[in-house]
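Below: one structure, written as structure tokens.
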2 protein chains.
Amino acid sequence: MDGITSSNDPSSDSMTSRDYYADSYAHFGIHEEMLKDSVRTGSYRAAILDNGHLFKGKTVLDVGCGTGILSMFAAKAGAAHVVGIDMSNIIDQAQRIIEINGFKDTITLVKGKLEEAELPIIQFDIIISEWMGYFLLYESMLDTVLLARDKYLKPGGCMFPDNARMYLAAIEDQDYKEEKINFWDNVYGFDYSCIKDIALREPLVDTVELKAVVTDPYMLKHINLLTAKKEDLAFTAPFTLTATRNDYIHAFLAWFDITFDCTHKKIQFSTGPHAQYTHWKQTVFYTPSTITISEGEKITGTLSCVPNARNNRDLDIGVEYTAGEKPTKVDYRMS
Amino acid sequence: MDGITSSNDPSSDSMTSRDYYADSYAHFGIHEEMLKDSVRTGSYRAAILDNGHLFKGKTVLDVGCGTGILSMFAAKAGAAHVVGIDMSNIIDQAQRIIEINGFKDTITLVKGKLEEAELPIIQFDIIISEWMGYFLLYESMLDTVLLARDKYLKPGGCMFPDNARMYLAAIEDQDYKEEKINFWDNVYGFDYSCIKDIALREPLVDTVELKAVVTDPYMLKHINLLTAKKEDLAFTAPFTLTATRNDYIHAFLAWFDITFDCTHKKIQFSTGPHAQYTHWKQTVFYTPSTITISEGEKITGTLSCVPNARNNRDLDIGVEYTAGEKPTKVDYRMS
């Protein structure tokens, strides 16, 4: 319920996004949602506060620091100095927050783009960042985090987190597909099926119950934050899903896990359907037609993910799959 | 669950809103939400389809036609010709929809701003429009609808709807105020109270249970669509709220009712806490401190509502009230 979104035509204004968010009153709601995501914030807190041995006396860079919560965790964990950077106006609030909480001397906040900013420290022992978007990569800051690593991380330094893994499975989702996709077949007696085609191609960010999952999960993509390159973020990955029961399949389901392998007890969290709710939920890709599947049967295919050529904030996600018959290919777009 | 919103820094891109929504793939979700709001769409449907005597052989202008649903209702009700206008790209889908549903000859769609467009008909018997935003006026199209009326409505013509009324009451909302406002006092042990001040000033669009309402409702503002002027949309209105029981007050609550007084049976719907859910929900204005009130006691005050000078898409809403002691004034902003 945070934030306010117009119910009317959003295109009726030529104001830029930058103008929109340049207002300090506007939309702290996303920060509220992220802070209140206790899996997210609690995992970072444990990874940092329970690992004082890694932070004590070290220099820490917080990429996309937002309200400064991770910077304050790092300072509390004993960091000698923390630099937080963010280009959003929320950093003005972050500055007030770090001052009122007594971190003025330990934390330095920099407003701007990492690519252009001059930081007060040029080499860091640890880079912390909560850069993940929906479907891990949608509107994520990962490219900026990798750039920060190449430019500012000391040899042998730590990334917090240091590993991300994307998973795929298939789900039974008849009822909700009716509501979200087949709805367009008959809207108050009118045929809206041209919108159905568009709706199918827009992945849905939503929570899915574990009992809807009818295949084993498949690890689609592993990103090691210490070694990944920007080019790795556009990829094509093969998958094989094995059905765990006789059922029908209406969609593919994607989620991701995050690990802090550098920590003493290897802190991790998952955004999957088996795990506690996070604001990332899962991502649903409806298939054009229903797949009938029997226990042990396999669906093979590939998933490709590339930033849209015209608008690199959007993701073009192609899924090609074979389940018994001839291959099917669907081009999805997260925008 | 419709649409996809970034969980990460939305200011990390200078792309304009116009670019964003210029993509035909992007965000039909708002139309899905509006169509699925059965109070909204069902009321318009009844107002139009059950009043064929008003529409038969008439010319109808649909301002902000979106997917064309109201235009199709009007055509089905017997209109001789319907012109729908919208500046959003959704009108490209609307064109496909009216064609596939056999309304190509009855409905003409025009893409563009009403202020600049050349319409194929210069005088209309009826103007239909679903122009309402949150808090009735937030990002509403009402100014465009009034302009359409002055420019295109025949003398004696009908506005669908023709009346809107805003209401105010006060609510007990301790628990949710704790979660939304007082949350900022202690965020993982840190003092975030500077954000609390901002949070308080952002009205919250949310559903409120009727049992939370502790005063009589007060009609704050009546807009007669046949006579209202653009200047009337910036207003200051006095109010008096009378407590219906002994309780504590944590917020003011606003909602609106819409009536089609020109219809045979006077179709109407309410977005209040006593009525069925609509996507407009209600709007909550938290007060800085809790008000203790006894049955029969009154809160008097004024509510002012003006478009923000710098960004006229935003609303500046000032509430001044007296409950026993000295007056309190709070400046809210919907952005």
Side-chain angles (χ1 to χ4, degrees), chain A residues 1 4 6-18 20-21 23-26 28 30 33-35 41 45 64 67 69 72 86-89 93 96-97 100-101 131 133-134 138-141 187-188 190-192 194-195 198-199 201-206 279-280 311 313 333-335, chain B residues 1 4 6-21 23-26 28 30 33-35 41 45 64 67 69 72 86-89 93 96-97 100-101 131 133-134 138-141 187-188 190-192 194-195 198-199 201-202 204-206 279-280 311 313 333-335:
Chain A
M1 297 302 154
I4 291 165
S6 168
S7 59
N8 287 83
D9 181 2
S11 68
S12 61
D13 195 287
S14 63
M15 187 177 58
T16 64
S17 300
R18 192 178 289 275
Y20 194 53
Y21 287 100
D23 188 324
S24 68
Y25 275 104
F28 58 89
I30 49 165
E33 185 181 36
M34 292 192 287
L35 290 166
T41 310
R45 184 197 202 189
T67 62
I69 188 88
M72 292 193 290
D86 206 304
M87 58 182 298
S88 158
N89 278 338
Q93 299 305 325
R96 296 174 68 182
I97 290 166
I100 208 165
N101 288 282
W131 51 268
Y134 294 136
Y138 177 63
E139 291 193 343
S140 97
M141 283 188 300
V187 176
Y188 294 85
F190 301 118
D191 178 350
Y192 268 59
C194 60
I195 295 190
I198 301 172
R201 282 168 177 74
E202 183 166 303
L204 194 71
V205 173
D206 210 343
H279 76 285
W280 288 289
N311 174 359
R313 204 159 94 149
R333 174 114 172 247
M334 289 186 88
S335 62
Chain B
M1 297 301 155
I4 291 165
S6 168
S7 58
N8 288 85
D9 180 3
S11 68
S12 62
D13 195 286
S14 64
M15 186 176 58
T16 64
S17 300
R18 192 179 290 274
D19 289 343
Y20 194 53
Y21 288 100
D23 188 325
S24 68
Y25 274 104
F28 58 90
I30 48 165
E33 185 180 37
M34 291 191 288
L35 290 166
T41 311
R45 184 198 203 189
T67 63
I69 189 86
M72 292 192 291
D86 206 303
M87 58 180 300
S88 159
N89 279 338
Q93 299 305 324
R96 296 174 68 183
I97 290 166
I100 208 166
N101 289 283
W131 51 267
Y134 295 137
Y138 177 62
E139 291 193 343
S140 97
M141 285 188 300
V187 176
Y188 294 86
F190 301 117
D191 177 351
Y192 269 58
C194 59
I195 295 190
I198 301 172
R201 282 168 176 73
E202 183 166 304
L204 194 71
V205 173
D206 210 341
H279 76 284
W280 288 288
N311 174 0
R313 205 159 94 148
R333 173 113 172 247
M334 289 185 88
S335 61

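Just so we're on the same page: letters track the sequence lines, and every chain starts at 1.
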Q.
Between E202(B) and F28(A), is there a side-chain heavy-atom distance shorter than 4.5 Å?
A. yes
Q. Going through the distances and angles, do I195(A) and R96(B) end up as a side-chain contact (heavy atoms from CB on, under 4.5 Å)?
A. CA-CA 9 Å; I195(A) 295 190; R96(B) 296 174 68 183; over 6 Å; no
(Q) Contact between F190(A) and I100(B) at the side-chain level, heavy atoms closer than 4.5 Å - yes or no? (A) no
Q. Does Y188(A) use its side chain to pair, donor to acceptor, with the backbone of R45(B) at less than 3.5 Å?
A. no
Q) Checking D191(B) against chain A: side chain, backbone, both or neither under 4.5 Å from a heavy atom? A) both
